[in-house]
Amino acid sequence: MTIQRSFELVDIVKETPKVSTFFFKFNKIAEPGQFLMVWVPGSEEVPMSVAYSDKKSIAISVAAIGPASNSLHAKKIGDYIGLRGPFGKPFTLKIGTKRIALVAGGYGAAPLGLFAERIKSSHKEVQIDSFLGARTREDLLFVKRLEKVSTVYISTNDGSTGHKGLVIEPFEQELKKKKFDCVYTCGPEMMEKAIFDICAKNNLDLQASLERIMKCGFGICGSCMMDDLILCIDGPVVEMRELKRLKEFGVSHRDKAGVLQYWKK
Amino acid sequence: MTIQRSFELVDIVKETPKVSTFFFKFNKIAEPGQFLMVWVPGSEEVPMSVAYSDKKSIAISVAAIGPASNSLHAKKIGDYIGLRGPFGKPFTLKIGTKRIALVAGGYGAAPLGLFAERIKSSHKEVQIDSFLGARTREDLLFVKRLEKVSTVYISTNDGSTGHKGLVIEPFEQELKKKKFDCVYTCGPEMMEKAIFDICAKNNLDLQASLERIMKCGFGICGSCMMDDLILCIDGPVVEMRELKRLKEFGVSHRDKAGVLQYWKK
Amino acid sequence: MANLRINLCGLTLKNPTVLAAGILGNTGEILKRISKHAGAVTTKSISLKPRDGHETPNIVELENKSLLNAMGLPNPGAENFLQELKIAKSGAESPIIVSCVGFSVDEFVKVAEKIGNLGDAVELDLSCPNTKGTLEFSQSPEVAAEVVSKVKKIVKKPVFAKLGPNVNKISEIAVACEKAGADGITAINTMPALAIDVETGKVILTNLSGGLSGAALRPVAVRCIYDIYENVRIPVIGTGGVLSGEDAAELMMAGATAVGMGTAAINEGPNAFKRISNELDKFLHRKGYKSAAELTGLAHKR
Amino acid sequence: MANLRINLCGLTLKNPTVLAAGILGNTGEILKRISKHAGAVTTKSISLKPRDGHETPNIVELENKSLLNAMGLPNPGAENFLQELKIAKSGAESPIIVSCVGFSVDEFVKVAEKIGNLGDAVELDLSCPNTKGTLEFSQSPEVAAEVVSKVKKIVKKPVFAKLGPNVNKISEIAVACEKAGADGITAINTMPALAIDVETGKVILTNLSGGLSGAALRPVAVRCIYDIYENVRIPVIGTGGVLSGEDAAELMMAGATAVGMGTAAINEGPNAFKRISNELDKFLHRKGYKSAAELTGLAHKR
Ligand SMILES: Cc1cc2nc3c(=O)[nH]c(=O)nc-3n(C[C@H](O)[C@H](O)[C@H](O)COP(=O)(O)OP(=O)(O)OC[C@H]3O[C@@H](n4cnc5c(N)ncnc54)[C@H](O)[C@@H]3O)c2cc1C
Ligand SMILES: Cc1cc2nc3c(=O)[nH]c(=O)nc-3n(C[C@H](O)[C@H](O)[C@H](O)COP(=O)(O)OP(=O)(O)OC[C@H]3O[C@@H](n4cnc5c(N)ncnc54)[C@H](O)[C@@H]3O)c2cc1C
Ligand SMILES: Cc1cc2nc3c(=O)[nH]c(=O)nc-3n(C[C@H](O)[C@H](O)[C@H](O)COP(=O)(O)O)c2cc1C
Ligand SMILES: Cc1cc2nc3c(=O)[nH]c(=O)nc-3n(C[C@H](O)[C@H](O)[C@H](O)COP(=O)(O)O)c2cc1C
Ligand code: FES
Ligand code: FES
């Protein structure tokens, strides 16, 4: 039999003007950082990080920006949406961890939000500092959700709330005062690269969730290859040790044909 | 994957000059009366009743009489033999049963032996009378096995031991003295038919294991059809209620092409 | 309850499930028994002379409810089958499709002459992969068409051409059959395959190769049905790997009017038809369809 | 430990497992990584120009470790692939088979000219069922032979012709390729199939049909390999549904010299090659075989 492809959309929560969270009836539990391949019947299939997950349901938080994401935003409760997965390596907590930092840009707050909740339910002792950044106040995602389980530092490009500027700045600030056992980041690659540089300089452990074109989710299409990593299998979460040796991180990615393309700086 | 086809032959026990019991490593448990499809690689596949069965092994007791059975007798410990199954409906014990009779001809003692042992391990209170028949003394199968769990009545055609004559005679004798809640029989069809007639006359419940050509074991080949029963699925054990309405029982059977053939009387 | 009734070439099927040819269908009594729940029943493929079929082993069980078989068309032959058909007709609760097979065009005609008008429809098994020569009837559009048109001259009942997947282009063969007068297509027969017992290094089936059926065949069947539906106007009895009501829905959405089932009936016995038509009913209800017939060809709408 | 080494047209494979074309094989670094455990690695099928492949969804997961895919041959194109091949060659630990694909005979020749001599062997993908026209190369003995003989004139390395199951008679095509000079056959490619999402009534793949691979394909692959082995003398890379060491043994007993794996590598990642060659080793040991090579064609002995 075809492994069940489409699942009932049971709830939609508008989070920001652009981002909504879509809840589905789904019985496989995902780990924070894992992703689903999401197909709106009649449209394309694209990867989406898991934002919530329990025994009965799963959710993704999607920014409406192009054909695939907009077609999902056009759906109503009761519709059926194709889901495959969960795929990939999740964020992990090392034994003995006392304090961590989460640095999120855009919908990166979704997997990090889930990660923070999971930590708080099983490892209450871990201190979490969350750094959230957005263009403007109303684009900030999961502020309340993260406030429940962590200390939140906000930045907006336009200064409409919190620190005016990049999310990196308050992070560097706190870094001077606190000892983070590990930093976790999910967001635009250039932001992640900047975090990586800071962590490398400060000898801090890091896990970054990387984004690539993913047309299959498990090792076929070749678009997600990054050096000798297959990001859909070996990632999307990649650890410091690996990040350090990756020549393509922050430099280049592959297009749908698998041709190497350089990021515009 | 091909569901495992061949299993290691781990022991061979010579029971009579013609019959040996073959033990295999096998992890499915069979009920008494169920059968296996047994394939000696390089030869044919034929049905065989289960003679012993536990979590780790299964056994069949086979009379060497023709090509298929002889090819099995030619095998050694360590060889691999194809087994499929177990298939079919087993003998069953009704609630409240106090005394039963087992009537076996030839290798019919194998499934009935297993049945008697299973009853004794879970329903100690049930009284069992076993009627075993054979041509001659040395052809008698499972006398000791059945003596452990039942009262055994022996008949041989040549009178070399026990009653001289048919197995039916001591059975009819005991019938006069005892009240059997159910009779169970497995052996040549004409013997079963005779038992059936006696039971019908005496208003006794009966379960008979019927034999037909079985080329598949689960409803395809059409050789085991008997009226509207598919004996490999609906049998081989058939209850009184069904036996009464079967026009072909003791009368006709089907050949490999599915053509109706009448038993020579 | 949704309306499960189907019109197949003028025959009324109480539900879309059909007993596929070659399984359980060689005696009148069994056909009658299965007709209680199946929308139609197909007989074993009947040849001119009785056939014992291939020596055992003739079947391999595969994982995931799939099978490999090389029965070799065991059947009592047309003459002996007259009596079985008579029994079947006396009290069958759904239409009887008489499957005919031949080892030459001429033999197809002779079998059809003998028994083709005694059921409610005829199916021509042009695609048995397990006997020498029989697969070829459906590997050439010309030969397939010749069998269909000659049988059509004799048989007054609807004639279905049964095709197999092991061809360059199944829709070409279907079109040829339609042009030759076929009233419907049955698709698909099994796919040639082979299994080896690695413990002994021996090919399992005495016939060496056999036909793959069941779950593994379903995606191939759905593709064939989809292609045929795009190219012909006559109805299709979709067959291949239907093990649940939703599987049946999938074949219908691909273009099937009715749905044949072989392996399901092997795995589960005659009860399969009741269970699967119940499941189909539930599916229709859950999704708000009023009738099973609405499903046919649904996936072709854009 | 049994001897797992295999000689394939003069190439030495450290074990019989081969990364099949189209999976994981589009960058030099990944090919290198997989070559650590696989006996040989096949590149993605490379066309003359870069191809994005079909729009997603391009894959359907089926029960029982089977897949349906219609990737549409995404690949960076021959020119861009030169660099990847250079990286792969610098440090690959097993032979690299360069898979070439074309949409005309001429294009096959051009791709082979550009990259055919840069690996250790060439495989001609004559049987991709998911792009218009590409399947036909292996559906006609003449066309298949033409591609093979023209490429043979250019390429100094062993040339394998990759065939698919969706033909009337695969052994005929294999014989034609052998006569045209092919050094080996790769069999089989995926089987055309289709899947519909019953909840929405929509065909899942954007390309509509796709190719069936994995467990469901294995019995078909075993049959094709068995047939080909009976009819040609050149070695066969058996491919289709190998998910365990015993599956690999089955394909080898049917006639394969080496064993390609696609779906296993998808299900499990690069680790599949290590696991399956370990399992094969254990199987050989348990059954008392001294070398993997002994298995090839074993099931043909009576
Ligand atoms: C691991 C991972 C997790 C992600 N998680 C989220 C998330 O939680 N929320 C969220 O909103 N987005 C997420 N994305 C991004 C998402 O996959 C899409 O890139 C995004 O929705 C934009 O696609 P679009 O078609 O709407 O718009 P555009 O960006 O305009 O895309 C144009 C076209 O490019 C192609 N395309 C773009 N991105 C991808 C991609 N990543 N893979 C394949 N094809 C692509 C498609 O054909 C698309 O139609 C994630 C991506 C990855 C790799
Ligand atoms: C439910 C059932 C349980 C059985 N249990 C036992 C048992 O426990 N012990 C035992 O010794 N025998 C049992 N038999 C009988 C057994 O299946 C064979 O009939 C018997 O072994 C004789 O086969 P043969 O080839 O040795 O000899 P022959 O009787 O000479 O047979 C000649 C040929 O006829 C065919 N043939 C004969 N019988 C069958 C059959 N039943 N099905 C298919 N083809 C057949 C074969 O092609 C065989 O080679 C059972 C039969 C059935 C139906
Ligand atoms: C054991 C077996 C015997 C079959 N015999 C015949 C036959 O005699 N004639 C025929 O047209 N098809 C025959 N078939 C093919 C089935 O009718 C059907 O087309 C095929 O099995 C696919 O359906 P399924 O997956 O539901 O089994 C046979 C199939 C099986 C499994
Ligand atoms: C996702 C996917 C992509 C494939 N792409 C190609 C390809 O580009 N060229 C090719 O010759 N075969 C391709 N194939 C076929 C495989 O190489 C292989 O022949 C087939 O999948 C059967 O093997 P498997 O069952 O081990 O997967 C592809 C198969 C899959 C599953
Ligand atoms: S998403 Fe296709 S290979 Fe990773
Ligand atoms: S044994 Fe074949 S139908 Fe019963």
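Keep in mind that the numbers below use all heavy atoms, side chains included, and drop hydrogens, waters and symmetry copies. Note that the structure is a prediction, hence the values are computed from the model and not measured. Quick note on labels: first sequence line is chain A, next is B, and so on, each numbered from 1.
Among pairs with a residue in residues 185-227 of chain D, those fulfilling ring pair (Phe, Tyr, Trp, His ring centres under 6.0 Å) read D/Tyr226-D/His300, at least two apart in sequence or across chains.
Nearest heavy-atom pair, C/Val198 versus D/Glu246, reported as atom, atom and distance to 0.1 Å: CG1-O, 3.5 Å. When every heavy atom of C/Leu68 is checked against every heavy atom of D/Pro219, the shortest pair comes out as CD1-CB, 4.2 Å. The two residues C/Ala195 and D/Glu250 have their closest heavy-atom pair at CA-OE2, 3.3 Å. Of all heavy-atom pairs between C/Asn166 and D/Pro165, the closest is OD1-O, 3.5 Å.
D/Met253 touches chain C through backbone and side chain together, each having a heavy atom under 4.5 Å away. Only the side chain of D/Leu208 comes within less than 4.5 Å of a heavy atom in chain C; its backbone stays farther off.
Going from atom CG of D/Leu194 over to atom CD1 of C/Ile225 covers 10.0 Å, rounded to the nearest 0.5 Å. One distance of note links CD1 of D/Ile196 with CG of C/Leu298; it measures 8.5 Å at 0.5 Å rounding. For the atom pair CG of D/Asp227 and OG of C/Ser209, the computed distance is 7.0 Å after rounding to the nearest 0.5 Å.
In this structure, the side chain of C/Asn64 does not engage the main chain of D/Ala216 through any donor-acceptor pair within 3.5 Å.
For C/Lys287, the NZ atom sits in a packed shell: over 12 heavy atoms of surrounding residues, nucleotides or ligands are nearer than 6.0 Å.
Using a 4.0 Å cut-off between a side-chain N of Lys or Arg and a carboxylate O of Asp or Glu, C/Glu199 and D/Arg286 qualify as a salt bridge.
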Going through the distances and angles, do C/Met191 and D/Arg223 end up as a side chain to side chain contact (heavy atoms under 4.5 Å, CB included)? CA-CA 10 Å; C/Met191 175 76 190; D/Arg223 185 259 305 169; 3.5 Å; yes
